Amino acid sequence: MTFSSAVKIELCKLPVGKRCCAVAEVYGAFLYGNTFAPGEIKLVTESGAFGARLGALTHRAFGVGFDVLPREGTAGKQSYIVNDPVKLAKIADAVGYDRAAHLSHQVNLGLLEEPCCHAAFVRGAFLAGGSVTDPERGYHLELVTGHMRVSAGMVSILRDMHFDPKDTMRRGNWAVYFKQSGAIEDFLTTIGASGSALHYMTAKVERDMRNAIQRKVNCDAANVDKSVEAASAQIAAIRRIEQRIGLESLPEKLHQTALLRIVNPELSLAELAQLADPPVTKSCMSHRLRKLMELGAVGADAHIGPSSE
């Protein structure tokens, strides 16, 4: 089951409330469904839970039922159709459309005066034409309709609800979408999917923690690689000094440092500094190793002057 399907199942468990909210919710579903025309209203869904809710909403809102229902036990996509002229007229009157002219594809904001009706309308739109990605994979929620003015109306409604959605046209359809996890969590909570919103928050925290750990591991690995590379170069320089003049020719502190590095190639500067006798600072150890690198450089004059450490 997809995350979108789980969200819709949770929404379909909500009780069908006041008639005004039932009208708003089924109105949103009709506008974001497959066909909303003077001669037919049609919604196609694979969700039996949504189909059952559609029936309950339509009866509560308009006192009518669907004329065409899927056969019992039907799997896959299922159609719910109203094509009876009397029922269609009743629905058109209830949503404020003049059927004699045309069934205009725009949002009648007069039906959505109460905040509860705003949420119900958006919930119906999401059930019919919405989707949300699994937070384990990314953050994206969208509502898709084939009607430009419906999409523009949805943007206006969401802004009235203090959301800041983006909108775009894609393959002949219009989409209103969110890509911020916080906005998606708030959206799901507002339309009644509080359980899914909590799952979204939890998944986001876990995903962020995994990403932070991975970045730390990558950073530590990179630092280890740099330390190993530096130690290898230091040891190579020390071996060249040994071949040219012998390590015994080095001043005592450099001699000690050279031996420490050869014996402990895996240690960091700070760890190596603590092994010196007496222990020295990391900066001091770095200075001594840098001096050894200079003395052991290819082509360098290996003569150790009296001022050398």
Side-chain angles (χ1 to χ4, degrees), residues 1-17 21-36 41-61 66 69-70 72-82 112 116-147 150-151 154 157-158 161 163 165 170 173-179 181 183-204:
M1 180 189 299
T2 66
F3 185 69
S4 280
S5 298
V7 173
K8 292 181 180 182
I9 287 174
E10 180 182 2
L11 291 174
C12 288
K13 292 178 180 178
L14 295 173
V16 175
C21 291
V23 170
E25 184 171 339
V26 77
Y27 181 43
F30 285 170
L31 286 173
Y32 275 78
N34 299 80
T35 305
F36 191 25
I41 297 174
K42 179 179 180 180
L43 290 100
V44 179
T45 178
E46 294 184 359
S47 171
F50 180 37
R53 186 171 182 82
L54 274 174
L57 286 169
T58 305
H59 187 269
R60 178 79 171 99
F66 286 95
L69 292 167
E72 190 172 343
T74 302
K77 292 184 178 180
Q78 305 167 6
S79 296
Y80 297 80
I81 300 172
V82 179
L112 312 174
C116 59
C117 295
H118 279 74
F121 175 81
V122 175
R123 179 167 59 247
F126 180 81
L127 284 168
S131 64
V132 57
T133 58
D134 189 319
E136 294 286 344
R137 300 174 55 194
Y139 310 128
H140 185 88
L141 182 148
E142 66 179 22
L143 303 167
V144 180
T145 178
H147 312 297
V150 170
S151 190
M154 178 61 76
I157 290 166
L158 288 171
M161 296 169 71
F163 289 102
R170 186 193 310 131
N173 291 315
W174 283 264
V176 175
Y177 64 93
F178 299 98
K179 281 190 170 295
S181 61
I184 294 172
E185 292 159 13
D186 291 342
F187 179 95
L188 294 175
T189 300
T190 298
I191 65 173
S194 56
S196 297
L198 180 60
H199 174 83
Y200 218 89
M201 287 183 247
T202 303
K204 178 182 180 296

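Predicted, not measured: the structure shown is a model, and the values here were computed from it.
Residues Ser151 and Val176 come closest through the heavy atom pair OG-CG2, 3.3 Å. Across Ala119 and Ile191, no two heavy atoms sit closer than the pair O-CG2, 4.1 Å. The minimum heavy-atom distance linking Ala128 with Gly33 is given by the pair CB-N, 4.1 Å.
In this view, Tyr200 satisfies the side chain to side chain donor-acceptor pair (under 3.5 Å) rule with no residue, not counting sequence neighbours. For Ala183, the side-chain contact (heavy atoms from CB on, under 4.5 Å) partners at least two apart in sequence or on another chain are Phe178, Gln180. Ala56 meets the side-chain contact (heavy atoms from CB on, under 4.5 Å) test with Val16; sequence neighbours excluded. Under the rule for a ring-ring contact (aromatic ring centres under 6.0 Å, His included), Phe126 has no partner lying at least two apart in sequence or in another chain. Remark: His199 pairs with Phe3 by the ring-ring contact (aromatic ring centres under 6.0 Å, His included) rule, at least two apart or across chains. Residues meeting the side chain to side chain donor-acceptor pair (under 3.5 Å) test with Ser5, sequence neighbours left out: Thr2. When the side-chain contact (heavy atoms from CB on, under 4.5 Å) test is applied to Thr58, the partners found at least two apart in sequence or on another chain are Val26, Phe30, Phe62, Val64, Phe66.
Atom CZ of residue Phe163 and atom OG1 of residue Thr190 lie 3.5 Å apart, to the nearest 0.5 angstrom. Between atom OG1 of residue Thr45 and atom CZ of residue Arg53 there is a gap of 13.0 Å, rounded to the nearest 0.5 Å. To the nearest 0.5 Å, the span separating OH on Tyr80 from CG on Leu69 amounts to 7.0 Å. For the atom pair Asn34 CG and Ile41 CD1, the distance stands at 12.0 Å (nearest 0.5 Å).
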Distance-only check: which donor-acceptor pairs under 3.5 Å involve side-chain atoms of residues 6-14, not counting sequence neighbours?
residue	atom	partner	partner atom	Å
Lys8	NZ	Leu127	O	3.4
Lys8	NZ	Gly130	O	2.9
Glu10	OE1	Ser196	N	2.9
Glu10	OE1	Ser196	OG	2.6
Glu10	OE2	Ser194	N	3.3
Glu10	OE2	Gly195	N	2.8

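With hydrogens and angles disregarded, no donor-acceptor distance shorter than 3.5 Å links the side chain of Asn173 to the backbone of Val144.
Judged as a salt bridge (charged side-chain N to carboxylate O under 4.0 Å, His left out), not a single pair has a partner in residues 184-202 (not counting sequence neighbours). Legend: side chain to side chain donor-acceptor pair (under 3.5 Å) pairs involving residues 120-140, not counting sequence neighbours, sorted by first then second residue: Glu25-Arg123, Glu136-Arg210, His140-Glu142, His140-Lys179.
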